[in-house]
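Only one structure is covered here, and it is reproduced in the block below.
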Amino acid sequence: MAATEESAAALLQDVMASMKVRPDDDEDEEEVTKEWGSVEVDAEETDAAVKKVQEKEAGGVKEEVDDGDGGGTVDLPEMALKSEKLNEEVESPDTEIKKVLATDTPYTSAKSFEDLNLTEPLLKGLYTEMKFERPSRIQAETLPMILSPPYANLIAQAHNGSGKTTCFVLGMLGRVDANLNAPQALCVCPTRELAIQNEEVLLKMAKYTGITCACTAGADDRVSASRRGKITDQVVIGTPGTLKRWMSKDRILDARRMKILVFDEADHMLATEGFQDDSMRIMSMIARQSPNYQILLFSATFSERVKAFARNSVPRANEVFVPKEDLSLDVIKQYRVRCPSSQGRLDVLRNNIFPLAEKLGQSIIFVRTRENASFLHTSLQQDGHRCTSIQGGMSHEERDRVIREYRSGETKILISTDVLARGFDQAQVTLVVNYDIPVKMGTWEPDYELYLHRIGRSGRFGRKGAAFNLVCDRKGEEMLNKIEDHFDRRMDEVKYDDEDAFERVLKEAGLA
DNA sequence: AAAAAAT
């Protein structure tokens with residue numbers, strides 16, 4: 001066993017060397033084995049647990065295969081070699097994507113949507129409704145994996161705003177049978193807003209297909225399950241708590257025909273306490289009735305700890321990863337704003353940032369607590385500034401209204417907790433303000449993933465963007481230093497008492 | 001601390 005592991009490790013080294021993978025992947029490897037055992041799934045009842053145990057039993061073999069033994073793994077060194085040519089053809093940023101295949105199945109990246117054997121109505125939706133011409137880089141790589149046999153599981157990571165949603169939405173639409181009135185695809189999202197957003201994209205793309213969708217956050221989300229009746233829509237999208245209840249207690253969501261399960265913001269869904277149990281339960285309930293279903297995990301971020309956990313929760317998955325160094329979004333200019341005090345921070349927001357933001361496209365101000373969101377909102381409004389705020393304590397109707405106004409452009413500045421940190425896609429967002437630096441719970445460690453997600457709300461699909469990070473004490477200062485180190489990017493400072501500094505800097509970022 | 005959603 002030890003020998004096997006060692007030779008597998010050696011092999012992995014070779015493969016990585018040939019792929020010019022960054023050296024820090026090594027330390028990741030260590031962290032992986034150390035960390036993942038600490039994440040627990042309540043073992044007694046779930047089939048997922050059973051499935052997992054089986055995976056572990058097959059562990060000797062599996063590790064070997066997954067980690068680079070010739071048997072199953074086809075690392076694609078030719079990807080690296082051909083990348084310049086590919087880039088020309090697929091018109092993508094020069095990102096070096098790392099693919100690890102779990103089976104012998106060869107995949108050719110899709111140069112056009114025609115390569116994917118999609119139905120005519122679906123293609124029509126892509127071209128006329130979505131106005132897509134050809135697959136983006138991440139779409140070109142993942143869609144063949146999703147849509148062709150053996151319909152392998154997939155763990156995929158790609159930039160914010162690079163078209164991940166299309167990958168899994170098209171994946172679901174491509175796999176379901178429009179003529180069968182039973183749920184066949186399920187998409188789990190961390191927030192109500194994201195579920196709605198994904199549903200909207202799906203319905204738009206599905207316009208000519210006859211495929212319908214049920215969403216836990218629909219207008220009728222107060223309707224009791226018994227009144228609603230069995231779900232016959234081909235696709236179901238929602239938040240984990242309600243989805244779980246629909247499948248178990250309410251019994252209106254039948255998993256017998258389920259072909260594909262998607263986790264959007266998958267690192268969050270699998271690793272965050274509160275989400276994890278529900279996610280595992282959903283997986284096990286589907287596995288019981290449709291053992292051969294396909295699982296897709298999508299996120300812009302997978303910390304090494306979570307990546308290891310994901311690999312164990314979703315066995316034999318193909319992997320498509322973007323190296324960490326390429327993820328820090330060079331298109332988004334990031335700045336440090338040192339504020340004299342906590343009160344001074346509000347002044348900086350009010351006097352320096354708001355007047356500019358009102359002239360810009362749209363902005364999101366992120367804060368750490370619900371209270372802070374409401375407080376900032378009222379206090380800025382009292383000063384005559386137009387803005388809205390959103391946080392999980394508000395009613396569904398209120399949240400929907402705020403989002404609707406923001407989407408329509410009626411409001412330009414939105415103050416938000418981390419409800420909107422992930423996935424929220426609004427092309428006009430050019431400026432993100434971190435009023436608080438995101439922190440990992442119970443520590444004074446910055447939450448790097450969350451930071452990346454937050455600033456990724458701007459600069460959607462290659463557009464320009466800027467982020468102001470407000471710090472007003474040593475803790476904030478230290479955390480921002482750590483963020484700089486982690487992404488290996490220095491941030492310029494914007495002096496709060498320099499009248500024109502903010503405007504100058506936004507010009508520099510290509511915004512003003 | 002916040003997130004979903006239930007109690």
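Order of the sequence lines sets the chain letters (A, B, ...), proteins ahead of strands, with each chain counted from 1.
The CD atom of A:E449 sits 19 Å away from the P atom of B:dA3 (whole-angstrom rounding). Whole-Å rounding puts the A:R368 CZ to B:dA2 C1' distance at 10 Å. Between the C1' atom of B:dA4 and the CD1 atom of A:I237 lies a distance of 16 Å, rounded to the nearest Å. For the pair A:H453 NE2 and B:dA3 P, the interatomic distance rounds to 16 Å; values are reported in whole Å. Atoms CZ (A:R422) and P (B:dA3) sit 14 Å apart, rounded to a whole Å. Here B:dA3 presents its C1' atom at 12 Å from NE2 of A:H396, a figure rounded to the nearest Å. Per the geometry, CG belonging to A:D277 stands 15 Å off C1' belonging to B:dA3, to the nearest Å. Atom CZ in A:F366 sits roughly 20 Å away from atom P in B:dA1 (whole-Å rounding).
Here A:R399 reaches the OP1 or OP2 of B:dA4: one of its side-chain N or O atoms lies under 4.0 Å away. The side chain of A:T216 places no N or O atom within less than 4.0 Å of a non-bridging phosphate oxygen (OP1 or OP2) of B:dA4.
Counting non-hydrogen atoms under 4.0 angstrom, A:P240 reaches nothing in the nucleic acid. Base engagement by A:G274 is indicated by at least one non-hydrogen atom pair under 4.0 Å involving a base atom. A:E273 comes within 4.0 angstrom of a base, heavy atoms only.
Side-chain contact between A:I252 and A:R228: present, with at least one pair of heavy atoms (C-beta onward) separated by less than 4.5 Å.
Side-chain atoms of A:T443 do not come within 3.5 Å of backbone N or O of A:V439 as any donor-acceptor pair.
Less than 4.0 Å separates DNA chain B from at least one heavy atom of each of the following residues of residues 241-250 of chain A: A:G241, A:T242, A:R245.
Checking B:dA3, B:dA4, B:dA1 against the side-chain heavy atoms of A:D278 singles out B:dA4 as nearest.
Evaluation of the salt bridge (charged side-chain N to carboxylate O under 4.0 Å, His left out) test over residues 258-275 of chain A, restricted to residues two or more places apart or in two chains, returns A:E265-A:R422, A:D267-A:R422.
With sequence neighbours excluded, the residues forming a side chain to side chain donor-acceptor pair (under 3.5 Å) with A:E478 are A:R474, listed by chain and number.
One finds the CG atom of A:L203 at 11.5 Å from the NZ atom of A:K207 (value rounded to the nearest 0.5 Å).
Between A:E484 and A:R490 a salt bridge is recorded (basic side-chain N to carboxylate O distance below 4.0 Å).
Just one of A:K307, A:H453, A:Q157, A:E449 meets the side chain to side chain donor-acceptor pair (under 3.5 Å) condition when paired with A:T301; it is A:H453.
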